[in-house]
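If you're wondering where the values come from, they're calculated on a predicted model, not measured in any experiment.
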Amino acid sequence: MESDSDVHQQAPRELPAMFRPPVNRAMRTLDRSFFRKTVPISAAKVFQNSEISRVRKALSSNRDLLILPRSSVVRELKEPDGVKKALLLREGVKHDDKSTWSPTITELTEKGIVSILPYDLELDYDSWTYAEIAAAVLPQDEEMPEVPQGFTQVGHVLHLNLREHWLPYKHIIAEILMDKNPVIRTVINKTEDVGSHSQFRTFPFELLAGDNDMNVIQHEQGCEFRFDYSRVYWNSRLETEHRRLVDKFQPGQVVCDVMAGVGPFAVPAGRKRIFVWANDLNPHGYEVMQDAVHRNRVQDFVTPFNQDGREFIRFAAQSLLEAEPVSVTIEPKKRREKRRKVDNEEIEKPSPPPQVYTRPSIVDHYVMNLPATAIEFLNAFQGLYTGKESLFTPHTSQLLPTVHVYCFSGHSENEIDDHIDICQRISERIGYTITPEDRVGGTGNADIELAIHNVRLVSPNKQMFCASFRLPAEVAFRKV
């Protein structure tokens, strides 16, 4: 699978050969009954059930117990005088060869605490992981050295991005994945690139297994989103990035999320009492965002819009300047904290005062999370606040907005080459030269406060970045 779907991995463990599943590389329809196996090992029968914990501790300390994932080391033996407990022993221990016994096993047997006997360990399809089952049925050669491991989970949907050589095995891969991930009800495979057929960053896909149901419930940063995954863009790999950027915003600030999607930046920011004007061109994304705003009770702070991104950049700046002040009062949670006076009379401790947040008239941050084309929208910032110079520093303490623009660049051996490429493209669109030296702590223009964050590797030659910079005064006040 491609790296851009590599959200959740089940790395294969190297089991001893005797515990690996049976191999059938000719299997094309999943036959779960094929994966049954009896493995002869040894077990230590404990004569007194009350001794099981002490014996287990002793054998475990000496590494004599069998270590096998998803397999209990304690087993019951039905005998004429009742049920006895037994402990499974590591594969090197032979019940009929005392030379394979450790001193601990020998001592326990000589004291009559345990006896060593043969045991048939029954394994079946449920005994192995996806990676282990897949490795037993998929071809292994130089072109396909290992089984596909990465996938994206969105709600109950598992989204694969299979490379071409795995396509003949797509259905059996999907069935195994669904079996091994109990919350999954639907498995799909992306058939073409994101955005290849839609400006809304959706993608064509095929149903491989399970229900044809793309209506998902997704949780992120304590927020709940409900949407049709086939009609909006969502990438679970970006949760860390969403959190990183939201943590940069301060309560009471104004953030304009230009390409907001269903609100993964906007809604968590609203919970932090940040005023967010969140826009998305996709009508369904806009509807989902409206639902998420109310579902997560952030309607006092988050306002959704359904506009073209370039128009929204200028609309938001002008509309906030002209809008009436908006204040939100947050009453403190009621708590009954009491203290006692000397005479034991109880009095109630006074509650803290309510918090009041008044929405500023100037945008503090613009977020542009459309990495394929967001840089092209930057020319909309030229002349954003023309004629409003008196509202900003040095006339006041108000700074110009910080712009956070997402983009792709090549995955160069020297990352500075990618940074140079990004700065050149930004400079062309805003009509002002920004260089990597304008970064915080660099030797360039400190007022730019440039920071270029490496978000993730999308493919071997494609890296996603977030470039953040303070809008230059020469751009914001330019007459256009």
Side-chain angles (χ1 to χ4, degrees), residues 9-27 30-141 144-147 149 176 179-181:
Q9 295 194 12
Q10 298 172 313
R13 293 174 306 280
E14 193 63 34
L15 292 176
M18 64 190 297
F19 297 115
R20 295 173 195 166
V23 174
N24 182 354
R25 303 202 189 283
M27 187 180 293
L30 184 60
D31 179 6
R32 296 169 182 81
S33 65
F34 173 79
F35 298 97
R36 290 179 182 148
K37 187 175 185 177
T38 301
V39 182
I41 58 173
S42 299
K45 180 177 74 172
V46 183
F47 288 110
Q48 299 294 328
N49 288 342
S50 59
E51 295 276 4
I52 187 70
S53 295
R54 186 171 72 87
V55 173
R56 180 173 184 173
K57 183 177 180 180
L59 293 174
S60 178
S61 298
N62 204 53
R63 299 183 179 179
D64 283 321
L65 296 178
L66 178 67
I67 299 176
L68 194 63
R70 297 168 306 284
S71 181
S72 174
V73 73
V74 180
R75 300 298 171 102
E76 291 186 346
L77 302 176
K78 293 182 179 179
E79 298 194 341
D81 59 340
V83 177
K84 298 292 185 182
K85 296 289 182 68
L87 294 163
L88 303 185
L89 300 175
R90 56 181 171 80
E91 59 271 22
V93 177
K94 308 297 181 185
H95 72 281
D96 54 357
D97 184 357
K98 293 185 179 181
S99 67
T100 65
W101 297 7
S102 70
T104 301
I105 294 175
T106 300
E107 181 182 357
L108 290 170
T109 55
E110 289 177 349
K111 289 183 176 180
I113 298 174
V114 305
S115 66
I116 308 304
L117 43 77
Y119 187 89
D120 287 336
L121 178 63
E122 302 292 340
L123 301 175
D124 59 19
Y125 180 76
D126 293 333
S127 302
W128 293 288
T129 65
Y130 156 75
E132 291 157 353
I133 295 290
V137 299
L138 296 179
Q140 289 185 333
D141 54 38
M144 296 177 277
E146 58 184 29
V147 301
Q149 292 293 327
I176 300 170
D179 286 344
K180 300 302 179 178
N181 294 273

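- Between the NZ atom of Lys37 and the CG atom of Asp124 there is a distance of 12.5 Å, given to the nearest 0.5 Å.
- The shortest distance between side-chain heavy atoms of Ile113 and Arg54 falls below 4.5 Å.
- Within 6.0 Å of atom CD1 in Ile67, 12 or fewer heavy atoms from other residues, nucleotides or ligands are found, so the atom counts as exposed in its surroundings.
- A side chain to side chain contact (heavy atoms under 4.5 Å, CB included) with Leu66 is found for exactly one of Ile41, Leu59, Leu89, namely Ile41.
- Here the CZ-CG distance, from Phe35 to Asn24, works out to 7.0 Å after rounding to the nearest 0.5 Å.
- Scanning both residues, Ser42 and His95, for their nearest heavy atoms gives OG-N, 3.0 Å.
- The shortest distance between side-chain heavy atoms of Arg75 and Leu121 falls below 4.5 Å.
- Surrounding CZ of Arg32 are more than 12 heavy atoms belonging to other residues, nucleotides or ligands, all under 6.0 Å away.
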Glu51/Lys111 under salt bridge (Lys or Arg N to Asp or Glu O under 4.0 Å): CA gap, chis, key distance, verdict: CA-CA 13 Å; Glu51 295 276 4; Lys111 289 183 176 180; over 6 Å; no
Identify all side-chain donor-acceptor contacts of residues 80-87 below 3.5 Å with residues at least two apart in sequence or on another chain.
unit_1: Lys84; atom_1: NZ; unit_2: Phe47; atom_2: O; d: 2.9

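- Taking every heavy atom of both residues into account, Arg63 and Arg90 meet most closely at O-CD, 3.2 Å.
- Taken to the nearest 0.5 Å, the OH atom of Tyr130 stands 10.0 Å off from the CG atom of Asn181.
- Remark: Ser127 OG to Leu15 CG distance equals 10.5 Å, nearest 0.5 Å.
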